[in-house]
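What you see below is based on every heavy atom in this structure, not just the backbone, and it leaves out hydrogens, waters and symmetry mates. The shown structure was predicted, so the numbers you read here are calculated from the model rather than taken from an experiment.
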2 protein chains.
Amino acid sequence: MARWEPNARGRLEDAALDLFTERGYDKTTIAEIAQRAGLTERTFFRHFADKREVLFGASNPLLGVLTDAVAAAPTDTPPLDAVAAALDSAAAVLQERRSYARRRQAVITANEELLERELVKLAVLAEGLATALRSRGASAAEAAVAAETGIALFRAAYASWLAADDTADLAECLHSAFATLRTLAR
Amino acid sequence: MARWEPNARGRLEDAALDLFTERGYDKTTIAEIAQRAGLTERTFFRHFADKREVLFGASNPLLGVLTDAVAAAPTDTPPLDAVAAALDSAAAVLQERRSYARRRQAVITANEELLERELVKLAVLAEGLATALRSRGASAAEAAVAAETGIALFRAAYASWLAADDTADLAECLHSAFATLRTLAR
DNA sequence: TAGGTGATGTCAGTGTCTGACATCGCTTAA
DNA sequence: TTAAGCGATGTCAGACACTGACATCACCTA
């Protein structure tokens, strides 16, 4: 028999999302999360840098998806199109977990602190996109503008996707946002 | 003689920026800030919701500048142009306090927590811009995309302005970012 | 079989932030 | 003129987030 139950990190994530949903982020202490996961408070902080991070551990993979997709785009693809393609890949990943995304987003939008952390994660994605674009030969200015714009459109699309009914498609929301931008920027 | 020295809030802001610059945000306690301002820790929290907020109290006025400028733009101005004009007004405000902005930004960029708060403030500005655009007749989608895009460009422009030498002009950086976008979105 | 490794536990802090109540110059109304 | 109330501040106690130092002990490896 193993000394510890496996997947401590995952148990903490599950316990946290459950408790946050049940009684809210503020009203949940780390001791309670740890207890539900059968661990101690100190162990929580060995897996997550702070209380918020327990909700954002899964957002790291998206960075890889985005940069890979940018790198994989044909060399002659214009920057904004490469960004659009990358966001499409990310959209496919998220589309699969719509109900989880909804549940998680409900907790996040109910709390200012969590919103802050989400914005940081998106800014990190923007930075990653910009770096990937530069290594494809885009200028610093082009890369920054294309990446920031892409993430801005993603934010708008993500919000309308989650606000819409269950049949909505994130990729479609994204395409619609890009189309709107191209009209506005004409 | 008045019972208290005047401008407690301003004294706290000054003391905080000084201490953050001297020894860093993390290494400064609220008790120290309060003491330098001749007040107590409890009073600090009556003026600012949390430790970070002492650096962001001055960013609220920008919201008014932006929404006023959008409202003041001629009715036939396209959304993205109205946003550009509004950001120009904000740029003029910031251009006057370049040295203060630099000092403050040095503290902010040195600390992840503070970066988070700054992103939230920018998101609030984006929300305000979108609301102002909608009340001018823009659709929800147009307003969201134009506002988010405008703030994204502002972020890029602000970064390059602060990175450049003392002769740089924020409005020019902004125009350059918009020009880059219009090229990319062609 | 001895010793090292690594995830976890225990404990004692520091600092942020909050609620409850006290203080006391100043303002307002009788 | 005075009593009552207001409002910015102080005092105090405490919950909770987060950290450093050290202990534990199943498991692996030489």
Taking only residues two or more places apart in sequence, or in another chain, which ones meet [X] in a ring pair (Phe, Tyr, Trp, His ring centres under 6.0 Å)?
| X | value |
| --- | --- |
| B:Phe48 | B:Phe44 |
| B:Phe178 | none |
| A:Phe45 | none |

| task | Report yes or no: is the cationic atom of B:Arg104 (NZ for Lys, CZ for Arg) under 6.0 Å from the centre of the six-membered ring of B:Phe56, at an angle within 45° of the ring normal? | result |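 Yes; both conditions hold, so B:Arg104 lies above the ring face of B:Phe56.
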Residues touching DNA chain C, which here means a heavy atom under 4.0 Å, drawn from [range]:
| range | answer |
| --- | --- |
| residues 6-23 of chain A | A:Ala8 |
| residues 24-35 of chain B | B:Thr28, B:Thr29, B:Ile30 |
| residues 39-52 of chain B | B:Glu41, B:Arg42, B:Phe45, B:Arg46, B:Ala49, B:Asp50, B:Lys51 |

Nucleotide N/O of nucleotides 2-4 of chain C paired with protein N/O under 3.5 Å:
none

Under a 4.0 Å threshold between the charged nitrogen and the carboxylate oxygen, would [Y] count as salt-bridged to [X]?
| X | Y | answer |
| --- | --- | --- |
| B:Arg36 | B:Glu32 | no |
| A:Glu53 | A:Lys121 | yes |
| B:Glu113 | B:Lys51 | no |

State which residues pass side-chain contact (heavy atoms from CB on, under 4.5 Å) with [X]; sequence neighbours excluded, sorted by chain then number.
| X | result |
| --- | --- |
| B:Thr183 | none |
| B:Arg103 | B:Leu17, B:Asp18, B:Thr21 |
| B:Glu142 | A:Thr180, A:Leu184, B:Pro79, B:Ala138, B:Ser139 |

| In chain order, what residues pass the side-chain hydrogen bond (donor to acceptor under 3.5 Å, both in side chains) check against B:Asp68, with sequence neighbours excluded? |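 Result, side-chain hydrogen bond (donor to acceptor under 3.5 Å, both in side chains) vs B:Asp68: none returned.
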| Rounded to the Å, how far apart are B:Leu114 CG and C:dT16 C1'? |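 Result: 14 Å.
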| field | Single-linkage hydrophobic cluster A:Leu133~A:Val65, side-chain heavy atoms < 4.5 angstrom | value |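 Shared cluster, yes.
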| said: Hydrophobic clustering (ILVMFWY, side-chain heavy atoms < 4.5 Å, transitive) - are B:Phe154 and B:Leu63 grouped together? | reply: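 Linked, B:Leu63 and B:Phe154 end up in one cluster.
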| Is there side-chain contact between A:Leu119 and B:Glu116, with heavy atoms separated by less than 4.5 Å? |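 Heavy-atom side-chain distance check fails, nothing below 4.5 Å.
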| request: Flag the pair B:Leu87 / B:Val83 as yes when at least one side-chain heavy-atom distance between them is below 4.5 Å, and no otherwise. | output: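 Sidechains of B:Val83 and B:Leu87: in contact.
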Report, one pair per line, the protein and nucleotides 4-7 of chain D atoms (nitrogen or oxygen only) whose separation is under 3.5 Å.
| from | atom 1 | to | atom 2 | distance (Å) |
| --- | --- | --- | --- | --- |
| D:dG7 | N2 | B:Arg3 | NH1 | 3.4 |

